[in-house]
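Here the structure is laid out as structure tokens; the discussion comes afterwards.
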Amino acid sequence: MRRCDELGAISDERGRLTRTFASPAMRRANKLVGAWMREAGLQVREDAAFNLLGRWNSAQPGAKTFLLGSHLDTVRDAGKFDGPLGVLTAIAAVKTLRERGVKLPFNLEIVGFSDEEGVHYQTAYLGSRAFAGTLTAADLARIKEKQIVKTKRNRNEFLGYAEVHIEQGPVLEKNNLPVGVVTAIAGQSRLRMEFHGIAGHAGTVPMNLRHDALAGAAELVLAAENCGVTATVGKLEVESGASNVIPGRVSLTLDVRDQKDARRHAAIKALQTKAQTIAKRRGLKLIWQLVQQTAGVHCDKTLTQIFSKSIAQCGLEVMKLPSGAGHDAAALSAICPVAMLFIRCKGGISHNPAESVKAGDVRVAIEVLADFVQTLAKENS
Ligand code: GLV
Ligand code: MN
Ligand code: MN
């Protein structure tokens with residue numbers, strides 16, 4: 001918890017926590033977490049995508065590698081647990097295992113991914129997709145740091161990936177449980193759109209002769225709210241942005257999620273048709289751009305079962321729940337089986353500085369994760 005506080009103070013912005021891909025704060029965060037990894041006996045390096053890697057090599061020749069981790073980037077004005085908690089609990093679990101003198105038949109590698117939130121380029125999972133080797137030409141065209149493709153790892157090396165994360169929802173709290181196992185991760189689409197109208201004088205242009213880009217965008221925001229799946233307009237930019245000018249141009253981001261990919265696709269199609277209708281009626285030009293989409297992912301049955309056993313071992317009821325949020329595990333599922341453990345958080349609040357977890361729950365998560373790795377070791381030796 002002290003480490004979460006310390007890491008939470010490393011920010012690109014004064015007075016609030018914002019740490020985005022490849023930023024100066026991220027470089028400082030990697031240095032600090034790297035030192036904690038070293039202290040836990042790990043060999044530390046940073047890859048070409050600024051992912052931080054801490055490795056515990058098995059004594060067994062030709063051993064494969066099991067991955068633990070989460071992300072070290074944050075949203076704007078973030079809480080201090082979304083991401084970092086998964087990396088720090090992994091380091092703590094390694095420390096526990098080493099103190100127990102556990103020998104592993106596989107290498108264990110902890111990864112602090114450099115970009116899960118996608119604040120910098122509006123595309124999620126840059127760090128983990130670079131690692132998995134699934135970046136597309138379109139991704140690379142968008143970003144400055146072309147060297148990140150070099151990060152791609154050999155998928156044959158990996159046995160699996162496990163991620164601890166705050167739940168970011170209220171289910172565990174409602175059920176009075178410190179941890180739970182994740183069954184699936186919702187798919188997500190990120191889009192960007194623009195309405196182009198005609199800027200004009202706020203006092204002279206009659207109301208019925210306007211082509212107000214913001215009024216059109218506002219209709220779309222409300223349509224998104226009622227599109228039948230989880231949808232959010234998180235960013236709106238209005239030009240020229242003066243109180244006495246009719247908005248001539250507006251850009252919006254749209255984030256759409258659902259456990260069912262087909263339902264998400266259908267909702268986006270319906271919203272696009274709606275946006276076209278709005279634009280036509282108001283005499284606006286519409287630009288509609290799909291920035292990124294990630295399919296929903298099922299967690300691996302075997303790994304999930306081991307998590308369940310470890311939770312039961314701690315004397316706790318095993319609760320299974322899906323994730324509405326995206327996670328690096330979704331990106332890693334392209335190259336290996338994945339599993340996730342959720343930690344209860346206060347009020348289900350996240351992406352907010354009020355994010356909060358209990359030390360006792362974190363202790364349980366570390367114990368469960370250590371037991372998970374130990375069981376995995378037994379089953380693989
Ligand atoms: C990450 O937190 C996401 O789900 O957007
Ligand atoms: Mn996260
Ligand atoms: Mn997040």
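What you see is a predicted model; the values in this text were computed from it and never measured. Index from 1, following the sequence. Whatever order the structure lists them in is the order used to number ligands and atoms, beginning at 1.
In this structure, a donor-acceptor pair under 3.5 Å is absent between the side chains of Thr18 and Asp12. Side-chain contact check for Arg264 and Ser189: at least one donor-acceptor pair (N or O, by modelled atom type) lies under 3.5 Å.
Applying the side chain to side chain donor-acceptor pair (under 3.5 Å) test to Ser251 and every residue at least two apart in sequence or in another chain returns Glu237.
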Once you restrict both partners to nitrogen or oxygen, which atoms of ligand 1 have a protein partner under 3.5 Å, and how far apart are they?
residue  : atom  : partner : partner atom : Å
ligand 1 : 2 (O) : Glu117  : OE1          : 3.0
ligand 1 : 2 (O) : His351  : NE2          : 3.0
ligand 1 : 4 (O) : Arg257  : NH1          : 2.8
ligand 1 : 4 (O) : Arg257  : NH2          : 3.3
ligand 1 : 4 (O) : Gly326  : N            : 2.6
ligand 1 : 5 (O) : Arg190  : NH2          : 3.3
ligand 1 : 5 (O) : Arg257  : NH2          : 2.6

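The Mn ion (ligand 2) has an N, O or S atom of His165 inside 2.8 Å of it.
Atom CG of Asn176 sits in a sparse spot, with 12 or fewer heavy atoms from other residues, nucleotides or ligands closer than 6.0 Å.
Salt bridge Arg16/Glu13: present, at least one basic N to carboxylate O contact under 4.0 Å.
Of the residues Tyr125, Phe50, Phe158, the one that meets the ring-ring contact (aromatic ring centres under 6.0 Å, His included) test with Phe131 is Phe158.
Listed by chain and residue number, the protein N/O/S atoms under 2.8 Å of the Mn ion (ligand 3) are Asp82 OD2, Glu117 OE1, Glu117 OE2, His351 NE2, with waters left out.
Contact check for Arg282 versus Glu219: side-chain heavy atoms found under the 4.5 Å cut-off. Counting heavy atoms from C-beta on, the side chains of Phe307 and Val368 come closer than 4.5 Å.
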Go through the steps to decide whether Leu53 and Glu46 satisfy the test side chain to side chain contact (heavy atoms under 4.5 Å, CB included), and finish with yes or no. CA-CA 6 Å; Leu53 311 165; Glu46 204 181 62; over 6 Å; no
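Residue pairs meeting the salt bridge (Lys or Arg N to Asp or Glu O under 4.0 Å) criterion with at least one partner in residues 76-93, sequence neighbours excluded, are Asp5-Lys80.
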